[in-house]
Amino acid sequence: MADRGTEPWYPTAAYLYVLHLDGPALAWEYLRRHPEYRLDWLRRGRRPQPAHQAAHLWGLRLLEDPELDARDAHPAWFPDHDGVLQLYPDADPPMDAIVFAFWSLPGSKCLIHDGKRLMLVLRWPGYSLRLAIAPGLADGMAFAYAIRACAQLQGLNAMLQKLATAADATPAAAASVRPSLSALQELHTLQALDAALAGASLREIAEGLYGVDAAADWYSDGGLRSKVRRLVQRGDALMRGGYRRLAQLPPLEKGRSASSADRP
């Protein structure tokens with residue numbers, strides 16, 4: 001059995017950032033691993049159809065570099081996730097209106113143009129927020145919120161609370177809490193998927209995820225083998241279209257995949 005200990009997928013610590021990702025960011029982590037998406041990125045500009053059409057097949061407005069993980073990449077999903085908060089100039093602001101103050105917003109900021117409008121991505125410990133900035137809105141102007149009508153009110157209230165308190169929220173650090181079971185599942189799924197794409201066996205994957213001691217009884221009737229197999233199968237399914245659910249994209253037509261739809 002090959003020594004996998006030096007391979008990039010082996011140390012679980014390299015995947016700890018996954019515990020803090022939301023749905024759109026997780027969707028990107030699965031999509032960027034798709035072999036045909038990576039080929040589309042390499043062949044951008046050399047395809048017969050326009051670049052935005054190739055991106056639309058994957059649920060993006062523009063192709064994003066698959067070498068960038070969710071901490072550095074800013075994929076523009078098409079259509080927008082329900083969690084995107086839209087900002088517009090307030091046509092009739094009150095005297096005490098809150099103004100858009102770019103530099104007072106907390107955390108790291110990334111301002112990008114997705115081919116249609118400016119998108120502002122804010123990240124600070126434990127939180128992330130995506131804002132679509134309408135043309136005409138400038139720093140220091142009063143603004144109004146807009147959100148897709150189908151979004152749940154609970155989600156809207158949470159986003160408004162984030163933005164309303166942003167100017168006062170400048171945490172230097174955040175207390176860590178025990179990760180949820182769903183977050184741990186995503187971490188293990190991505191690690192198992194990377195291992196499988198690298199050619200690792202199920203037992204090698206088990207040793208990387210759970211340790212050599214845990215995999216010592218691999219040939220017994222324990223359920224570790226089936227657990228690892230399910231993780232690999234789940235990761236492959238999310239990579240090959242399941243990521244669209246995480247990004248709140250419409251599902252592909254039955255029998256089609258993004259890798260084969262509308263290809264010459």
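Source: prediction; values computed, not measured.
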Item to check | For Trp77, all residues meeting ring pair (Phe, Tyr, Trp, His ring centres under 6.0 Å), sequence neighbours excluded | outcome: none

Checklist entry - Is Leu197 reachable from Leu68 through a run of hydrophobic residues whose side-chain heavy atoms are each under 4.5 Å from the next? => result no

Next on the checklist: Once salt bridge (Lys or Arg N to Asp or Glu O under 4.0 Å) is applied, do any residues pair with Asp90, and if so which ones, sequence neighbours excluded?
Outcome noted: none

Next on the checklist: Looking at Leu181, I'd like to know if its CG atom is crowded, meaning that more than 12 non-hydrogen atoms belonging to other residues, nucleotides or ligands lie closer than 6.0 Å.
Outcome noted: no

Checklist entry - Same cluster or not: are Leu85 and Phe78 linked, directly or through other Ile, Leu, Val, Met, Phe, Trp or Tyr residues, by side-chain heavy atoms under 4.5 angstrom apart? => result no

Item to check | Beyond-backbone contact of Leu57 with Gln53, side-chain heavy atoms, under 4.5 angstrom | outcome: no

Checklist entry - Relative to the ring of Tyr37, is the ring of Trp28 parallel (under 30°), tilted (30 to 60°) or perpendicular (over 60°)? => result perpendicular

Item to check | Geometric cation-pi criterion Arg38 and Trp41, 6.0 Å radius, 45° cone | outcome: no

Checklist entry - According to a 4.5 Å side-chain heavy-atom criterion applied to Ile, Leu, Val, Met, Phe, Trp and Tyr, with indirect links allowed, do Val121 and Tyr17 form part of one hydrophobic cluster? => result no

Next on the checklist: Ring centroids only, cut at 6.0 angstrom: are Tyr210 and His188 within range, meaning strictly under it?
Outcome noted: yes

Checklist entry - Hey, are the side chains of Pro79 and Leu249 touching, using non-hydrogen atoms and a 4.5 Å cut-off? => result yes

Item to check | Leu26 reachable from Leu184 in the ILVMFWY side-chain graph, under 4.5 Å edges | outcome: yes

Checklist entry - Heavy atoms, side chains only, cut-off 4.5 Å: are Trp58 and Glu36 in contact? => result yes

Checklist entry - With Phe102, which residues qualify under side chain to side chain contact (heavy atoms under 4.5 Å, CB included), at least two apart? => result Phe100, Lys109, Leu120, Asp139

Item to check | Qualifying residues under salt bridge (Lys or Arg N to Asp or Glu O under 4.0 Å), relative to Arg229, sequence neighbours excluded | outcome: none

Checklist entry - Where is the tightest heavy-atom contact between Asp40 and Leu63, given as atom of each residue plus distance? => result O-CD1, 3.9 Å

Next on the checklist: Among residues at least two apart in sequence or on other chains, which ones pass side chain to side chain contact (heavy atoms under 4.5 Å, CB included) with Ser108?
Outcome noted: Arg123

Next on the checklist: Taking salt bridge (Lys or Arg N to Asp or Glu O under 4.0 Å) as the definition, give me every residue that meets it alongside Arg32, ordered by chain and number, with sequence neighbours left out.
Outcome noted: Glu29

Item to check | Results of side chain to side chain contact (heavy atoms under 4.5 Å, CB included) for Gln86 - residues two or more places apart only | outcome: Tyr88, Ala132, Ala146

Checklist entry - Can you list the residues that meet the ring pair (Phe, Tyr, Trp, His ring centres under 6.0 Å) rule with His74, with sequence neighbours excluded? => result none

Item to check | Minimal non-hydrogen separation, Ala142 against Ala97, with atom names | outcome: CB-CB, 3.8 Å

Next on the checklist: I'd like to know whether Glu186 forms a side chain to side chain donor-acceptor pair (under 3.5 Å) with Tyr30, so could you lay out the CA-CA distance, the side-chain angles of the two residues, the decisive distance to 0.1 Å, and finally the verdict.
Outcome noted: CA-CA 10 Å; Glu186 300 298 349; Tyr30 288 108; 2.5 Å; yes

Item to check | Which residues share a side chain to side chain contact (heavy atoms under 4.5 Å, CB included) with Leu39, sequence neighbours left out | outcome: Arg43

Checklist entry - Are side-chain heavy atoms of Thr12 and Leu187 found at a separation under 4.5 Å? => result yes

Next on the checklist: Using the salt bridge (Lys or Arg N to Asp or Glu O under 4.0 Å) criterion, which residues pair with Asp22? Sequence neighbours excluded.
Outcome noted: Arg130

Item to check | Residues that Tyr10 engages under ring pair (Phe, Tyr, Trp, His ring centres under 6.0 Å), provided they are two or more places apart | outcome: none

Checklist entry - Of all heavy-atom pairs between Arg244 and Gly59, which one has the smallest distance, and what is that distance? => result NH1-N, 3.8 Å

Checklist entry - Do Leu16 and Trp9 belong to the same hydrophobic cluster, where Ile, Leu, Val, Met, Phe, Trp and Tyr are linked whenever their side-chain heavy atoms lie under 4.5 Å apart, directly or via other members? => result yes

Item to check | salt bridge (Lys or Arg N to Asp or Glu O under 4.0 Å) contacts touching residues 188-201 (sequence neighbours left out) | outcome: Arg33-Asp194

